[in-house]
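Below is one structure, written out as structure tokens, with a few remarks after it.
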Amino acid sequence: MIIAIDGPAASGKGTIAKRVADHFGFHCLDTGLLYRAVARDVARAGFKLDDTWAAVAFARGLDAATLDDPALRGAEAGDRASVVAKIPEVRRALLAYQRAFARREPGAVLDGRDIGTVVCPDADAKLFVTATSEVRAERRFLELRSRGDQSTSFDEVLDSILARDARDSGRADAPMKIADDAILLDTTQLDIEAAFDAAVGSIKRKIGQRAAT
Ligand code: CDP
């Protein structure tokens, strides 16, 4: 059983993915961490982020055991990730790991930008989680404040979200877009509990429909 959850930054997709995975007893992969880790490794080794050769080499050699590195969680790591994520060979190098993870039993939830469209086009259920850019920026801003970051302003957070949306939707390879058969979940007016309930309800309906056909 494969559940694909895509959507833009701070839409709530990561939290929803974890809770959905817990609910069904499935494995969960935040695929953004793969791109964040590649960007970290490229920068640490002293290369520029748009250095294709270096980015591809680090993507091919990525050590999944380093994905729980807290340094990957910050806003800057997300911005850097979207630079290496534009490189088609980097995306290709990360495909096998994601697809193998998706096959794990009894099931897997993967969240990202291209799970329903490219990584797992045959997923059993697909969600595209979104919210207005202002609401997403507000969530990210509060999250940064709660982690002790007092220096980043709301406008800076909003600008960074808009820039990342543009990079992720505008890239030629595997752009962020809603799969034809994805269920759209707009969390603008929903708190996390309501968003989770809506996600589980939609997934159960979809799986029920597939089983009936
Ligand atoms: O948590 P947040 O939505 O802010 O970011 P993330 O999911 O960790 O993704 C960071 C960046 O990695 C995104 O802006 C994308 O550029 C890239 N990414 C991607 O291209 N494809 C994925 N499946 C996941 C992330």
Side-chain angles (χ1 to χ4, degrees), residues 2-18 28-43 49-50 55 58-59 62 64 66-99 101-102 108-121 123 126-131 133 135-144 147 149 152 156-179 182 185 187 192 195:
I2 302 174
I3 299 174
I5 303 188
D6 290 303
S11 56
K13 67 181 185 312
T15 310
I16 292 173
K18 277 192 210 78
C28 188
L29 178 65
D30 170 357
T31 64
L33 284 177
L34 302 172
Y35 296 91
R36 288 171 181 252
V38 171
R40 170 201 61 197
D41 294 347
V42 170
L49 291 172
D50 59 359
F58 282 107
L62 185 65
T66 68
L67 295 180
D68 56 4
D69 175 1
L72 297 181
R73 299 280 166 191
E76 201 191 338
D79 287 341
R80 289 170 156 195
S82 71
V83 179
V84 298
K86 281 201 303 195
I87 304 172
E89 295 93 327
V90 166
R91 308 197 68 82
R92 243 189 325 274
L94 298 175
L95 263 184
Y97 179 81
Q98 296 175 81
R99 288 187 174 151
F101 191 98
V109 180
L110 283 81
D111 80 84
R113 301 289 189 286
D114 62 340
I115 308 303
T117 50
V118 174
V119 179
C120 303
K126 301 178 185 179
L127 288 184
F128 192 91
V129 183
T130 190
S133 42
V135 164
R136 291 187 287 123
E138 203 174 297
R139 289 178 188 158
R140 207 34 54 104
F141 176 72
L142 294 174
E143 194 184 313
L144 288 172
R147 280 202 263 129
D149 179 344
T152 315
E156 283 167 337
V157 176
L158 180 59
D159 285 350
S160 137
I161 282 199
L162 292 174
R164 198 129 70 86
D165 284 355
R167 259 202 305 273
D168 289 345
S169 308
R171 70 181 170 225
D173 189 32
M176 174 174 68
K177 65 171 188 223
I178 308 176
L185 178 56
T187 67
I192 194 60

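Every value quoted in this text rests on a predicted model; they were computed, and no experiment measured them. Nothing fancy with the numbering, it's 1 onward along the sequence. Counting starts at 1 for both ligands and their atoms, in listed order.
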Nearest-neighbour protein heavy atom for [atom], which is reported as residue plus atom name and distance:
atom: atom 2 (P) of ligand 1; result: Arg36 NH2, 3.6 Å
atom: atom 7 (O) of ligand 1; result: Arg113 NH1, 3.1 Å
atom: atom 25 (C) of ligand 1; result: Gly32 CA, 3.5 Å
atom: atom 18 (N) of ligand 1; result: Tyr35 CD1, 3.6 Å

If we ignore hydrogens and angles and just use 3.5 Å, is the side chain of Thr187 paired with the main-chain N or O of Ser11 as donor and acceptor?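 Such a contact is found between Thr187 side chain and Ser11 backbone.
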Give a yes or no on whether the backbone of Asp114 and the side-chain of Asp6 come within a donor-acceptor separation of less than 3.5 Å.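 At least one qualifying donor-acceptor pair exists.
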Determine whether the side chain, the backbone, both or neither of [X] has a heavy atom under 4.0 Å from any heavy atom of ligand 1.
X: Lys13; value: side chain
X: Arg80; value: neither
X: Arg167; value: neither
X: Ala85; value: side chain
X: Lys86; value: neither
X: Arg164; value: side chain

Pair Arg139 + Glu143: basic N to acidic O under 4.0 Å: no
Less than 3.5 Å between some nitrogen or oxygen of [X] and one of ligand 1, yes or no?
X: Asp168; value: yes
X: Asp114; value: yes
X: Gln98; value: no

Could you go through the side chain to side chain contact (heavy atoms under 4.5 Å, CB included) check for Thr31 and Val119 one step at a time? CA-CA 10 Å; Thr31 64; Val119 179; over 6 Å; no
Taking only residues two or more places apart in sequence, or in another chain, which ones meet Asp111 in a side-chain contact (heavy atoms from CB on, under 4.5 Å)?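 In terms of side-chain contact (heavy atoms from CB on, under 4.5 Å), with neighbours along the sequence ignored, Asp111 is linked to Ile5, Lys13, Ala17, Asp30.
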Nearest non-hydrogen atom to atom 11 (C) of ligand 1 belongs to which of Ser160, Gly74, Ala81? Ala81
If every non-hydrogen atom of Phe101 is compared with every non-hydrogen atom of Ala108, which pair is closest and at what distance? O-CB, 3.6 Å
Is it true that the side chains of Arg113 and Ser82 contain a donor and an acceptor less than 3.5 Å apart?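 There is no such pair between these side chains.
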Candidate pair Thr130 and Ile178, rule side chain to side chain contact (heavy atoms under 4.5 Å, CB included), full reasoning: CA-CA 10 Å; Thr130 190; Ile178 308 176; over 6 Å; no
